[in-house]
Enquirer: 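Have a look at the structure that comes next, please.
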Amino acid sequence: MEIAIPKPVERENYLNKEYGVWSWLLTTDHKRIALLYLISITFFFFIGGFFALLIRLELLTPAGDLVQADTYNKLFTQHGMVMIFFFLIPSIPAVLGNFLVPMMIGAKDLAFPRINLLSWYLYIIGGVMMLHCMLIGGVDTGWTFYAPFSTNFTNSHFIEAGLAIFVAGFSSILTGLNFVVTIHRMRAPGLTWSRLPLFIWAHYATSIIQLLGTPVIAVTIVLVAAERGLHLGIFDPKLGGDPLLFQHLFWFYSHPAVYIMILPAMGVVTEIIACFSRKRIFGYSFVAFSSIAIAVFGFLVWAHHMFVAGMSVYAALVFSFLSYAVALPSAIKVFNWTATLYKGSIHYDAPMLYAFGFLGLFTIGGLTGLFLAALGIDVHVTDTYFVVAHFHYIMVGGAVMGYLGGMHFWWPKISGRLYPEGWARLAALIVFIGFNLTFFPQFLLGYLGMPRRYYDYSHMPEFQVLNVLSTAGATVLGVGYLLPMVYFLWSMRYGKPASDNPWNAAGLEWKTASPPPTFNFDEEPIVTWEAYNYEELDAPHEQEVPVAR
């Protein structure tokens, strides 16, 4: 007689609790909202990447033979706007932050779940406006939309693009507000500030910048739109305005925005390095307070973008000094990560490879930033490809490496499935090689004097070899970015089921199921241990010694 074996009942989790489009579009579950953001930012990442590819193809030859000058201006403008405002700024906070912040502090959800959903809708509205703006002709001002070009001269659709960024900015503000309130008010019993994961410290510092900085860019965009539409004299010298005022207002937000992009990646890398070297983070309090120091100092260095704009030498000296000072908290982090690795039991899993990539590329990006903070060198290399290479080493080598590392590290928790480790390691290697091949030649181009934003360099054909290298690297990098998307999707269907804690990692998020239930924990956790207690996790459990009778 055959015995019917009942199918194992699937545990209820946030993915299978409800089905249907509306259960996603009207959800207030922070984990589902994180996945909505993941899908949205991935879409914009590939749009921004498409523009980048066209830029690189144009620069393959010295003559401007793929697109016209005005089209090229629109390509690099829209590449910058999409990648910064619709990918980099929301990438880690809105995806990994939304998913993990409540779980890491033992909360059921964020403090304001409906505001969290509203932030995603604002992001989508801003994104749709930006897409519409591109379809009707785009913008050609550069992503910095400097006055007086943006206020008086451009014929492109600047106002709609500005409004798109204005709306997306409110999404950023609401996310920051939610995180600050949640981290202050909803920590589990026993989870003191000194026991918080450094991922939370990084997001707390990021949220402060989002709350204090984003309103400034919003007001600046409104002023530009008002001047353009109503012919007010805010930035126009003919009407008593000051075009340099625009640059001050713009960079007062846009330099701290760099730290909105890089601080969360630093938080991710801290978690990965502690886990895969099986050690407590070296100098926990220094790493935590360096995040806050970056947030504070980040607001004091904006004018280093304006050394050649005609500011006084004395002001330039002060900003040069402060720009060197802001490198110190970042250096503290790099040295402390290195000290954590020292004599650690290091495992070379895919997330750790991304963390190593981050360490190397971010350090190069940071050190070349010191070149730009030095007044004499900056005059030579500003507005050349040296600047382009520098900020891509920070933004792509830093922020995107951190994002991909975090996606690999927490993917088993997000999806409940394991990705193919071999493919993931290969992708990390391809991204690292492709990135360096793309952007390192640009340091040389900039040092030799090739200006940025030129579509035709036929009067300086000696730059072609380095540009060909850069374009070849971009194709390799593109493959490296496509691979994770493919195997993550594959793993959703065919990946092996993940255990609750596949990395044997510290942290509350690993003490719940994979994927987690809707409210994260069956009962409120009580924290009695210090952060990163890997020596306790790895200690051999005392075995009962059998007694002879």
Enquirer: To the closest 0.5 Å, what do you measure between CZ (R417) and CH2 (W490)?
Expert: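 Output value for this atom pair is 10.0 Å.
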Enquirer: Could you tell me the separation between the OH atom of Y532 and the SG atom of C275, rounded to the nearest 0.5 Å?
Expert: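 Here the rounded value is 10.5 Å.
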Enquirer: Excluding sequence neighbours, so at least two apart, what forms salt bridge (Lys or Arg N to Asp or Glu O under 4.0 Å) with K31?
Expert: D29
Enquirer: Looking only at non-hydrogen atoms, find the nearest pair between I332 and S290 and report the distance.
Expert: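 Closest approach of I332 to S290, heavy atoms only: CG2-CB, 4.4 Å.
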Enquirer: Indicate the atoms forming the closest heavy-atom contact of P93 with H203, along with that distance.
Expert: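 Scanning both residues, the minimum pair turns out to be CA-NE2, 3.5 Å.
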Enquirer: Indicate yes or no: at least one non-hydrogen side-chain atom of T340 is less than 4.5 angstrom from one of T270.
Expert: no
Enquirer: May I ask you to test the Y403-L88 pair for a side-chain heavy-atom distance under 4.5 Å?
Expert: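 No - every pair of side-chain heavy atoms lies 4.5 Å or more apart.
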Enquirer: Evaluate whether atom CZ of F289 has more than 12 neighbouring non-hydrogen atoms of other residues, nucleotides or ligands under 6.0 angstrom away.
Expert: no
Enquirer: Does F488 form a ring pair (Phe, Tyr, Trp, His ring centres under 6.0 Å) with W423? I'd like the steps, not just the answer.
Expert: CA-CA 10 Å; F488 278 157; W423 281 104; over 10 Å; no
Enquirer: Would you say that L300 contacts V326 through its side chain, given a criterion of any heavy-atom pair below 4.5 Å between the two side chains?
Expert: no
Enquirer: Test ring pair (Phe, Tyr, Trp, His ring centres under 6.0 Å) on H390 and F386 and set out the steps.
Expert: CA-CA 6 Å; H390 156 70; F386 193 91; 7.6 Å; no
Enquirer: Does any donor atom in the side chain of N520 or H30 lie under 3.5 Å from an acceptor atom in the other side chain?
Expert: yes
Enquirer: Side chain to side chain contact (heavy atoms under 4.5 Å, CB included) for V101 and I200? Distances and angles first, verdict last.
Expert: CA-CA 7 Å; V101 165; I200 299 290; 4.0 Å; yes
Enquirer: Determine, step by step, whether F99 and Y37 satisfy the ring pair (Phe, Tyr, Trp, His ring centres under 6.0 Å) criterion, reporting the C-alpha distance in whole Å, the side-chain angles of both residues, the deciding distance to 0.1 Å, and the verdict.
Expert: CA-CA 10 Å; F99 197 95; Y37 265 116; over 10 Å; no
Enquirer: Could you list the donor-acceptor pairs under 3.5 angstrom formed by side chains in residues 39-48, with sequence neighbours left out?
Expert:
from: S40; atom 1: OG; to: L36; atom 2: O; distance (Å): 2.6
from: S40; atom 1: OG; to: W120; atom 2: NE1; distance (Å): 3.0
from: T42; atom 1: OG1; to: L38; atom 2: O; distance (Å): 2.6

Enquirer: Step through the shown structure and confirm whether more than 12 heavy atoms of other residues, nucleotides or ligands are within 6.0 Å of CE on M186.
Expert: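 Above 12, so yes.
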Enquirer: Can you confirm whether or not the ring centre of W337 sits under 6.0 Å from the ring centre of F356?
Expert: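 No - the distance between ring centres of W337 and F356 does not fall below the 6.0 Å cut-off.
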Enquirer: For D349 and P351, indicate whether the former's side chain and the latter's backbone hold a donor-acceptor pair under 3.5 Å.
Expert: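 A pair under 3.5 Å: no.
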Enquirer: Taking the side chain as every heavy atom from C-beta outward, state whether V95 and M407 have any pair of such atoms under 4.5 Å apart.
Expert: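 With C-beta onward as the side chain, the pair touches.
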Enquirer: For the pair H304 (side chain) and S320 (backbone), establish whether a donor and an acceptor sit closer than 3.5 Å, ignoring hydrogens and angles.
Expert: no
Enquirer: Might you point out which heavy atoms bring T512 and P517 nearest each other, and give the distance in Å?
Expert: OG1-CD, 3.4 Å
Enquirer: In Å, rounded to the nearest 0.5 Å, how long is the span from CZ of R280 to CD of E535?
Expert: 4.0 Å
Enquirer: Between R278 and N504, is there a side-chain heavy-atom distance shorter than 4.5 Å?
Expert: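 Answer yes - side chains close enough.
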Enquirer: Side-chain contact, heavy-atom cut-off 4.5 Å: Y14 with L35?
Expert: yes
Enquirer: Heavy-atom count check: over 12 atoms from other residues, nucleotides or ligands less than 6.0 Å from Y324 OH?
Expert: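 Atom OH in Y324 is packed in, count exceeds 12.
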Enquirer: Work out which heavy atom in R32 is nearest to a heavy atom in L15; give both atom names and the distance.
Expert: NH2-O, 3.3 Å
Enquirer: Under 30°, 30 to 60°, or over 60°: which ring-plane class applies to W193 and Y204, parallel, tilted or perpendicular?
Expert: perpendicular
Enquirer: With sequence neighbours left out, which residue pairs that include part of residues 107-121 fulfil the salt bridge (charged side-chain N to carboxylate O under 4.0 Å, His left out) condition?
Expert: none
Enquirer: Decide if atom CZ of F521 counts as having more than 12 heavy atoms of other residues, nucleotides or ligands within a radius under 6.0 Å.
Expert: yes
Enquirer: Quick check for you: to the nearest 0.5 Å, what is the distance between S277 atom OG and I272 atom CD1?
Expert: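 The CD1 atom of I272 is 11.5 Å from OG of S277, to the nearest 0.5 Å.
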Enquirer: Keeping the roles fixed (side chain from S514, backbone from G416), state whether a donor-acceptor pair exists under 3.5 Å.
Expert: no
Enquirer: Does anything in residues 263-283 form a ring pair (Phe, Tyr, Trp, His ring centres under 6.0 Å)? List the pairs, not counting sequence neighbours.
Expert: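 Counting only pairs at least two positions apart or across chains, the ring pair (Phe, Tyr, Trp, His ring centres under 6.0 Å) contacts touching residues 263-283 are F276-F409, F276-W503.
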Enquirer: Tell me if a side-chain donor or acceptor on N13 pairs with a main-chain N or O of N16 at a distance below 3.5 Å.
Expert: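 Checked: pair present.
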Enquirer: Do any pairs count as a salt bridge (charged side-chain N to carboxylate O under 4.0 Å, His left out) and have a residue in residues 176-203, sequence neighbours left out, and if so which ones?
Expert: R195-E530
Enquirer: May I ask you to decide if the ring planes of Y487 and Y419 are parallel, tilted or perpendicular, using 30° and 60° as cut-offs?
Expert: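 Rings of Y487 and Y419: tilted, 30 to 60°.
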Enquirer: With a 4.5 Å limit on heavy-atom distance, are the side chains of T206 and I92 in contact?
Expert: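 No - every pair of side-chain heavy atoms lies 4.5 Å or more apart.
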Enquirer: Out of curiosity, S330 OG to I294 CD1, how far, rounded to the nearest 0.5 Å?
Expert: 3.5 Å
Enquirer: Once salt bridge (Lys or Arg N to Asp or Glu O under 4.0 Å) is applied, do any residues pair with E12, and if so which ones, sequence neighbours excluded?
Expert: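 With sequence neighbours excluded, E12 shows a salt bridge (Lys or Arg N to Asp or Glu O under 4.0 Å) to no residue whatsoever.
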Enquirer: Measure across G405 and Y354 and return the closest heavy-atom pair with its distance rounded to 0.1 Å.
Expert: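 Residues G405 and Y354, closest heavy atoms: CA-CB, 3.5 Å.
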Enquirer: Do F362 and M401 come within less than 4.5 Å of each other through their side chains, counting heavy atoms only?
Expert: no
Enquirer: Distance to the ring centre below 6.0 angstrom and angle to the axis at most 45 degrees; does that hold for K333 and W201?
Expert: no
Enquirer: Would you find a donor on one side and an acceptor on the other, under 3.5 Å apart, between the side chain of K279 and the backbone of Y342?
Expert: yes
Enquirer: Between N436 and L361, is the side chain to side chain contact (heavy atoms under 4.5 Å, CB included) condition met? List the steps.
Expert: CA-CA 8 Å; N436 281 297; L361 300 178; 3.4 Å; yes
Enquirer: What verdict does the ring pair (Phe, Tyr, Trp, His ring centres under 6.0 Å) test give for F435 and Y393, after you've listed the backbone C-alpha separation in whole Å, the side-chain angles of each residue and the deciding distance to 0.1 Å?
Expert: CA-CA 8 Å; F435 176 84; Y393 264 82; 4.7 Å; yes
Enquirer: I'd like to know if the side chain of H184 and the backbone of V180 have a donor-acceptor N/O pair within less than 3.5 Å.
Expert: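 No, the answer is negative, given that no donor and acceptor are paired below the 3.5 Å cut-off.
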Enquirer: With a 3.5 Å distance limit and no angle check, can you tell me whether Y534 reaches the backbone of A506 through a side-chain donor-acceptor pair?
Expert: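 Checked: pair present.
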Enquirer: Judged by atom type as modelled, is there a donor-acceptor pair below 3.5 Å linking the side chain of E271 to the main-chain atoms of F199?
Expert: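 Checked: pair present.
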Enquirer: Dump the intermediate steps for side chain to side chain contact (heavy atoms under 4.5 Å, CB included) on F358 and L404, then the final yes or no.
Expert: CA-CA 10 Å; F358 173 97; L404 287 173; over 6 Å; no
Enquirer: With rounding to the nearest 0.5 angstrom, report the CG to CD1 distance, L100 to I414.
Expert: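 The distance works out to 6.5 Å.
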Enquirer: Please determine if R11 and D500 form a salt bridge, counting it only when a charged side-chain N lies under 4.0 Å from a carboxylate O.
Expert: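 Counted as a salt bridge, because a side-chain N and a carboxylate O are separated by less than 4.0 Å.
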Enquirer: Check whether any side-chain N or O of T368 sits under 3.5 Å from a backbone N or O of G365 as a donor-acceptor pair, and report yes or no.
Expert: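 Judged by distance alone, yes, a pair lies under 3.5 Å.
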Enquirer: Would you name the heavy atoms of A293 and P329 that are closest together and state the gap between them?
Expert: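 Closest approach of A293 to P329: CB-CG, 3.9 Å.
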Enquirer: Flag yes if more than 12 heavy atoms outside Y121 fall under 6.0 Å of its OH atom; otherwise flag no.
Expert: yes
Enquirer: Without swapping roles, check the side chain of S119 against the backbone of N116 for a donor-acceptor pair under 3.5 Å.
Expert: yes
